[in-house]
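In what follows, a single structure is set out as structure tokens and then discussed.
In what follows, every heavy atom counts, from backbone to side chain, and hydrogens, waters and symmetry copies are set aside. Here is how names work: the chains are called A, B, and so on, in the same order as the sequence lines, proteins then strands, and each is numbered from 1.
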Number of protein chains: 2
Amino acid sequence: MPDEAVETLRTPTPTRARAFLADALRGGAYVTLVGACTVESRTRTSREHPRARRHATCKPDGTVLVHGPSGHRPLHPQPDGDRVDVRVDDDTGELVVAAGPPSGADQLVARFDTVELATAFDVDDHETDAPSGTEADLKERVLERPALVEPGLRPLATERDTPAGPVDVYAEAADGQPVVVELKRDRAGPDAVSQLARYVDALAADLHGDASPRGVLVAPGVTPRARRLLGDHGLDFAAVDPPRD
Amino acid sequence: MPDEAVETLRTPTPTRARAFLADALRGGAYVTLVGACTVESRTRTSREHPRARRHATCKPDGTVLVHGPSGHRPLHPQPDGDRVDVRVDDDTGELVVAAGPPSGADQLVARFDTVELATAFDVDDHETDAPSGTEADLKERVLERPALVEPGLRPLATERDTPAGPVDVYAEAADGQPVVVELKRDRAGPDAVSQLARYVDALAADLHGDASPRGVLVAPGVTPRARRLLGDHGLDFAAVDPPRD
DNA sequence: GGTTTGATGTCGATT
DNA sequence: AATCGACGTCAAACC
């Protein structure tokens with residue numbers, strides 16, 4: 001298939017569709033199918049979907065997506081593995097698209113009794129600009145202007161290791177007391193507070209009494225439950241928005 | 001468009017593509033586009049993608065997905081709102097597909113300078129069998145056979161409310177001591193242990209000394225760090241797999 | 001509508 | 001290559 005070609009196939013027989021699909025995938029193309037199919041997935045959660053007209057996508061990296069008429073996610077979780085198998089079921093005459101590891105488990109199987117449209121084309125792989133407004137952006141902002149967290153704060157390290165995991169920012173307060181900073185780009189929930197508490201406890205054990213660290217949660221906001229938990233654990237909060245662009 | 005029809009349009013002009021897309025969406029159809037486009041998203045995290053040949057899907061519910069050649073997720077987060085706007089840019093001649101709330105923020109904008117293929121068809125909305133192997137399935141299993149967690153355990157309530165949130169299963173041990181059970185369908189990590197610890201602490205405060213509750217994490221397994229945290233908090237673990245089918 | 005949590009996917013670090 | 005830990009994102013249940 002030439003690089004720029006877009007191929008389409010209307011109402012092929014399953015045998016013809018199988019050949020079209022196999023050829024295109026072998027050539028590294030991106031393929032879509034429209035037709036009535038059943039979907040069965042045996043991944044982390046098992047799911048079965050009765051026969052209905054759906055839109056399926058097979059990407060050259062082995063990704064298989066089957067979409068219904070609504071929602072952002074496909075009908076099934078994505079199986080591990082990057083192999084796609086395309087065959088015609090001898091008994092039922094169905095076109096069978098199977099994705100996942102060859103071993104029985106963790107498979108996604110779509111069975112088309114009819115294919116009304118098959119398309120194949122190339123899609124560009126392209127470097128994409130890094131997203132902005134991430135936790136990494138928030139970290140940069142805090143490192144550049146630590147006073148946003150509290151006056152006199154001096155960052156000492158990022159990703160400092162503790163037995164409970166790496167802390168986002170390890171710093172020293174104006175009075176010299178160690179401070180653990182946990183960053184969240186979204187409003188922080190109870191999990192974020194527990195995570196910070198784990199880090200503070202682990203660091204306190206690590207320093208074995210030399211100095212007792214404080215913990216500060218830095219996020220654009222906190223949920224009520226998280227706010228209460230902060231108080232319970234004697235942790236602080238500073239409202240900082242992640243920078244956008 | 002008749003229910004069963006599948007329409008395709010090759011290399012339309014932007015004006016023609018706009019009409020095709022608008023007509024199909026107005027009729028509740030599912031539409032796909034293949035062509036070179038830029039993608040800009042201003043949702044929670046901002047992203048920009050330079051012009052490249054991509055595969056776009058517009059669902060009748062307002063979902064817009066733009067996919068590259070690999071990976072399960074689209075190139076962009078899905079904006080809030082269910083409005084899709086299709087127009088031709090007077091200055092550049094591009095076909096512009098914009099999704100999200102009409103107000104400027106939180107928008108996804110894809111700009112096609114060429115459309116090589118447009119397709120439109122109906123996709124069935126269909127009830128889907130409930131997935132199995134979920135946390136709800138694990139809960140059923142534990143309620144039916146509480147001895148899987150520990151001998152003599154008697155479940156008293158599910159979703160029992162505490163100041164920290166609802167506990168999965170509230171139970172009584174053989175000796176009458178209250179037990180908080182936290183269920184995870186996957187191997188449990190540190191977050192699960194912290195969540196359980198929050199519930200146990202909250203319940204202990206709720207019972208204010210009448211009885212001191214124990215906590216049991218029920219999951220197919222625990223990660224090393226979670227195992228250590230369990231010990232730190234004096235919590236127990238029981239290995240139980242969620243039932244599959 | 002906001003909050004919370006389950007369910008997934010992805011990535012980086014580590015083994 | 002597999003595992004683990006953390007982050008990002010979506011969806012559903014419940015006020």
| Where the side chain of Glu40(A) meets the backbone of Arg47(A), is there a donor-acceptor pair that is under 3.5 Å apart? |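 No, Glu40(A) side chain to Arg47(A) backbone: no donor-acceptor pair under 3.5 Å.
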| Does Leu75(A) offer a backbone N or O that forms a donor-acceptor pair with the side chain of His67(A) under 3.5 Å? | no
Output the rounded distance in Å from [atom1] ([X]) to [atom2] ([N]).
X         : N       : atom1 : atom2 : result
Leu196(A) : dC7(D)  : CG    : P     : 11 Å
Arg228(B) : dC4(D)  : CZ    : P     : 17 Å
Arg42(A)  : dT8(C)  : CZ    : P     : 14 Å
Asp186(B) : dT10(C) : CG    : P     : 16 Å
His67(B)  : dT10(C) : NE2   : P     : 10 Å
Leu108(A) : dG9(C)  : CG    : P     : 11 Å
Asp61(B)  : dA11(D) : CG    : P     : 9 Å
Asp168(B) : dC14(D) : CG    : C1'   : 15 Å

[X] side chain, from C-beta outward: closest of [options]:
X         : options                : answer
Thr45(A)  : dA6(D), dC4(D), dT8(C) : dT8(C)
Arg187(B) : dT8(C), dC4(D), dG8(D) : dC4(D)
Glu182(A) : dT3(C), dA7(C), dC7(D) : dC7(D)
Glu135(A) : dC4(D), dT9(D), dC7(D) : dC7(D)
Arg185(B) : dA7(C), dG6(C), dA6(D) : dA7(C)

| request: Give a yes/no answer on whether the side chain of Thr223(A) brings an N or O atom under 4.0 Å of OP1 or OP2 in dT4(C). | output: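 So the side chain of Thr223(A) is within the cut-off, an N or O lying under 4.0 Å from OP1 or OP2 of dT4(C).
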| task | Report yes if at least one side-chain N or O of Tyr199(A) is closer than 4.0 Å to OP1 or OP2 of dG5(D); otherwise report no. | result |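 No, because none of the side-chain N or O atoms of Tyr199(A) sits under 4.0 Å from OP1 or OP2 of dG5(D).
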| request: For residues Val64(B) and Ala99(B), report the shortest heavy-atom separation together with the two atoms involved. | output: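 In this case the closest contact between Val64(B) and Ala99(B) is CG2-CB, 3.6 Å.
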So which protein nitrogen or oxygen atoms get under 3.5 Å of nucleotides 13-15 of chain C's nitrogens or oxygens?
none

| When the nearest nucleotide of DNA chain C is assigned to Ala226(A) and to Pro131(B) on a heavy-atom basis, which residue is associated with the more 5' position? | Ala226(A)
| task | Answer whether the closest heavy-atom distance between the side chains of Arg185(B) and Thr45(A) falls below 4.5 Å. | result | yes
| said: I want to check something: taking the side chain as every heavy atom from C-beta on, are Asp232(B) and Leu229(B) in contact at a cut-off of under 4.5 Å? | reply: yes
| What residue among Val97(A), Thr38(A), Val39(A) forms side chain to side chain contact (heavy atoms under 4.5 Å, CB included) with Arg111(A)? |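 Single side chain to side chain contact (heavy atoms under 4.5 Å, CB included) partner of Arg111(A) among Val97(A), Thr38(A), Val39(A): Thr38(A).
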| query | Which of residues 69-86 of chain B sit near DNA chain D, with a heavy atom under 4.0 Å from it? | reply | Arg73(B), Pro77(B), Gln78(B)
Any ion pair linking [Y] and [X] (charged N to carboxylate O, less than 4.0 Å)?
X         : Y         : answer
Asp191(B) : Arg198(A) : yes
Arg44(B)  : Asp80(B)  : no
Glu172(A) : Arg214(A) : no
Lys139(B) : Asp137(B) : no

| remark: The answer to which of Arg44(B) and Gln195(A) contacts DNA chain D further toward the 5' end, by nearest nucleotide, is Gln195(A)
Heavy atoms under 4.0 Å, any strand shown: does [X] hit a base, just sugar-phosphate, or nothing?
X         : value
Glu159(B) : nothing
Arg47(A)  : sugar-phosphate
Ala136(A) : nothing

